[in-house]
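These numbers come from the heavy atoms of this one structure, side chains and all, not from hydrogens, waters or symmetry mates. No experiment lies behind these values; they were computed from the predicted model shown.
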Amino acid sequence: MTRALPSQTVAGMKRALSFAAALVCAASAAAPPGLSETVPAVTPPVQDWRAVDPENLVLVTLETGTVAIELYPEAAPAHAAQIREAVREGFYDGEYFYRVVEGHVAQAGREFPMSVAAWPTLPFEAEREIPADGFVPQGNGDLYAAEVGHRDGFAVGREGGREWLLNCPGALGMARDNNPESGSTEIFVPLQPRRYLDRNYTVFGRVIDGMEFIHRLPRVDPSTEEEMNALFGEDTELAHQISQYRRSKLAENQIRSARMAADIPVENRPAYDVMQTPSATWDALKESKRDYSGIAALAYVPPKVLDICALPVPARRVGE
């Protein structure tokens, strides 16, 4: 039960509040003009996470789980646009990761050239002029670039006024023939750092969730020349047999579906956040992976160096 205050106490409190209010008014009147102008504005802190744009979020469902990929159209606009279009047309549905090489890459799409002939080839977008703002240095040297760091969560290298996305594990790149402008729809994801590919192949996104499902794909080589000749030869029975054999070999690497998150109803749409670069949280995380001086078991303290591919910028699924 709530106890009522005695009437005398209430009256006393009213008098005290009136007196306090009068003091506040007097203080305000006595304040010199323009005082508020001398108080510095408070700058809000940089948020630690940013939301991934659904127009840049590709959801690839495999036999073992769903892989979330963030596109980065700022680095390669033509590539991002064509992949969006291909996903929306169902290009990858029912196709395969048909080339998965241990310690190298997982490559997906339609294995044979005639299956992608209708799609235009893309300009070479492996690098671009360095934007003025938004780059966060890694803080130590690199073997492949004059400087490395991050932009919007993507690992990048810089040199000679140019910038490019790096072939770290989980990067999304465009496969192609020898001609740098021969890529169109065939994508690859490095399983380990493939930095010698930097600036040689266009990278235009990265896996932000589900990389473990790509690592679990059975290793498989592309069709041999002999198999291709049989598949597209005049012997229809042999072609059918080779086709069935190839499908059985790739069964566990099938892409059930690929969807743009923006095309999924909002109530069913997965949403992701990516840690801001820059942010205090990201700086602290980098430092924790660079400085091992506090580990008593170490007989020799390693140098404070953090490889650019060793620490992907964290991402999280909203609501989990």
Here the ring-ring contact (aromatic ring centres under 6.0 Å, His included) pairs for residues 287-312, sequence neighbours left out, are none
Would Arg158 count as a cation-pi partner of Phe135, with NZ or CZ less than 6.0 Å from the six-membered ring centre and within 45° of the ring normal? yes
The criterion is side chain to side chain donor-acceptor pair (under 3.5 Å); which residues satisfy it with Glu102, sequence neighbours excluded? Arg219
Tell me, please, which residues at least two apart from Arg50 pass salt bridge (Lys or Arg N to Asp or Glu O under 4.0 Å). Glu70
With a 3.5 Å distance limit and no angle check, can you tell me whether Arg194 reaches the backbone of Asn167 through a side-chain donor-acceptor pair? no
Tell me every residue that passes salt bridge (Lys or Arg N to Asp or Glu O under 4.0 Å) with Asp273, counting only those two or more places apart in sequence or in another chain. Arg316
Pairwise ring-ring contact (aromatic ring centres under 6.0 Å, His included) hits with a residue in residues 143-164, at least two apart: Tyr72-Phe154, His150-Trp282
In chain order, what residues pass the ring-ring contact (aromatic ring centres under 6.0 Å, His included) check against Phe232, with sequence neighbours excluded? Phe112
Show the atom names and distances, to 0.1 Å, of all donor-acceptor pairs under 3.5 Å that link a side chain in residues 89-97 to residues at least two apart or in another chain.
from: Tyr92; atom 1: OH; to: Thr185; atom 2: O; distance (Å): 2.5
from: Asp93; atom 1: OD1; to: Ala258; atom 2: N; distance (Å): 2.9
from: Asp93; atom 1: OD1; to: Arg259; atom 2: NH1; distance (Å): 3.3
from: Asp93; atom 1: OD2; to: Arg259; atom 2: NH1; distance (Å): 2.9
from: Asp93; atom 1: OD2; to: Arg259; atom 2: NH2; distance (Å): 3.4
from: Glu95; atom 1: OE2; to: Arg110; atom 2: NE; distance (Å): 3.4

Using the test side chain to side chain donor-acceptor pair (under 3.5 Å), find all partners of Gln138 that sit at least two apart in sequence or belong to another chain. none
With Glu125 via side chain to side chain donor-acceptor pair (under 3.5 Å) - residues at least two apart: His79
Restricting to pairs with a member in residues 200-212, which pass side-chain hydrogen bond (donor to acceptor under 3.5 Å, both in side chains), not counting sequence neighbours? Asp209-Tyr272
With sequence neighbours excluded, give me every disulfide (SG to SG under 2.5 Å) pair touching residues 87-134. none
Please identify each residue that fulfils side chain to side chain donor-acceptor pair (under 3.5 Å) with Glu63, with sequence neighbours left out. Arg256
